[in-house]
Protein chains: 2
Amino acid sequence: MAVSVRLPDSIRARLPYLLSRAYQRQLVLFAEHTRELDVSGREYAVMLLLEAHERLWQSQIAEALGLDRTTVTYLVDAMEKRGLAARQRDPADRRAHVIALTAAGTALLAELAPAVRAARDELLAPLSEPEQEQLRDLLIRLNQEPV
Amino acid sequence: MAVSVRLPDSIRARLPYLLSRAYQRQLVLFAEHTRELDVSGREYAVMLLLEAHERLWQSQIAEALGLDRTTVTYLVDAMEKRGLAARQRDPADRRAHVIALTAAGTALLAELAPAVRAARDELLAPLSEPEQEQLRDLLIRLNQEPV
DNA sequence: TATTGTTATACTCTATAACTATA
DNA sequence: TATAGTTATAGAGTATAACAATA
């Protein structure tokens, strides 16, 4: 193999590069720490959403998480097949499916918590506690949509 | 449509969510600001790399940017077809292709600079200048691989 | 006529493996 | 035997459109 090439500062110090690196690393760490529980980041997001709201239409899940309706159909298919979520027709509007976590889903969510914490801690390890807080605050403000 | 659902803090304040939001937003802003120049983020990265190093093997590009060899082949194919980069056999090792920016490639890189700056400024607009520096520093430290 | 959810299709990215030419 | 690059293929993920049921 030829001599390795140093990544120039014109890339290394760029925000897009830094963000994509941090994001990729987060994906890898989440996957590593939750491997034996076999849950995608998206499924985890759905579970957190259902933990907070308990009963939601698929369309509400799609809107809240910024997903396509069809994507949610596939997601819920998989979660239902694994017994993590249950689908019911909404008697009040028979077009809609109401989704809720099952007991198994709630249990898995509890199992996931320490793994997710460990992944986050590993990601943030290079920073001190106050710096971690600072980073979170800055990212929250960065993501604030202009009103 | 049913009532909109508020994204719970269990998601909204999570680092993975914040990172992915910031990353997605960055992708959108780059695409918007460079639309008429028709360059992918990856092509831009290759151009910055070639600006810093001038002549590189495809394998060196792949290694520096963390891409697959095949991906680089396709990338360089496209850039060569547009006249942005030139491929030459390396006389010193005839297995290898040496890639360099053409004059058109250098010119496009110059055209891209203000668009990229505008995208970055829009992304960072919610933060003050010192905060922007702080964010960059924290992300650099976050991405430091343990030695 | 619009909305909810499903299904089929296609399209982009990515990963893998097989191949050539050179070393 | 290993490396540089190419090509073909398959897979995941995503987007689009057409459709049935219901409002």
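Per chain, numbering begins at 1; letters A, B, ... match sequence-line order.
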With sequence neighbours excluded, tell me which residues meet salt bridge (Lys or Arg N to Asp or Glu O under 4.0 Å) with [X].
| X | result |
| --- | --- |
| R55(A) | none |
| R6(B) | D9(B) |
| E131(B) | R141(A) |
| R136(B) | E133(B) |

Kindly give the atom pairs (protein nitrogen or oxygen, nucleotide nitrogen or oxygen) under 3.5 Å for nucleotides 14-19 of chain C.
residue, atom, partner, partner atom, Å
dT14(C), OP1, R42(B), NH2, 3.2
dT14(C), OP2, R42(B), NH1, 2.6

[atom1] of [X] versus [atom2] of [N]: gap in Å, rounded?
| X | N | atom1 | atom2 | answer |
| --- | --- | --- | --- | --- |
| Q58(B) | dA21(C) | CD | C1' | 14 Å |
| E63(B) | dG5(D) | CD | P | 12 Å |
| H97(A) | dA20(D) | NE2 | P | 17 Å |
| D77(A) | dT4(C) | CG | C1' | 14 Å |
| W57(B) | dG5(D) | CH2 | C1' | 11 Å |
| L75(B) | dG5(D) | CG | P | 14 Å |

Under 3.5 Å, which donor-acceptor pairs do the side chains of residues 41-50 of chain B form with other protein atoms, sequence neighbours left out?
residue, atom, partner, partner atom, Å
E43(B), OE1, S40(B), N, 3.0
Y44(B), OH, R14(A), NH2, 3.0

### Task
Could you grab the distance from atom CG of D90(B) to atom CG of L56(B), nearest 0.5 Å is fine?
11.5 Å

### Query
Which residue pairs pass the ring-ring contact (aromatic ring centres under 6.0 Å, His included) test with at least one member in residues 83-129 of chain A, sequence neighbours excluded?
none

### Task
For Y17(B), check ring-ring contact (aromatic ring centres under 6.0 Å, His included) against everything at least two apart and list the hits.
none

### Message
Less than 4.0 angstrom between a side-chain N/O of Q60(A) and OP1 or OP2 of dT4(C), yes or no?
### Response
no

### Query
Are any of T73(A)'s side-chain N or O atoms less than 4.0 Å away from OP1 or OP2 of dT6(C)?
yes

### Query
Strictly by modelled atom types, are Q60(B) and S4(A) linked by a side-chain donor-acceptor pair under 3.5 Å?
no

### Message
Can you list, in residue-number order, the parts of residues 85-96 of chain B that come under 4.0 Å of DNA chain D, counting heavy atoms only?
### Response
R87(B), R95(B), A96(B)

Please report, to 0.1 Å, the donor-acceptor pairs under 3.5 Å made by any side chain of residues 74-82 of chain B, with sequence neighbours excluded.
residue, atom, partner, partner atom, Å
D77(B), OD1, R87(B), NH1, 3.0
D77(B), OD1, R87(B), NH2, 2.9
E80(B), OE1, R87(B), NH1, 2.8
R82(B), NH1, D38(B), O, 2.5
R82(B), NH2, L37(B), O, 3.3

### Query
Between residues 46-56 of chain B and DNA chain C, which residues have a heavy-atom gap below 4.0 Å?
none

### Task
List for me each residue that meets side chain to side chain donor-acceptor pair (under 3.5 Å) alongside D121(A), sequence neighbours excluded, and say none if there are none.
none

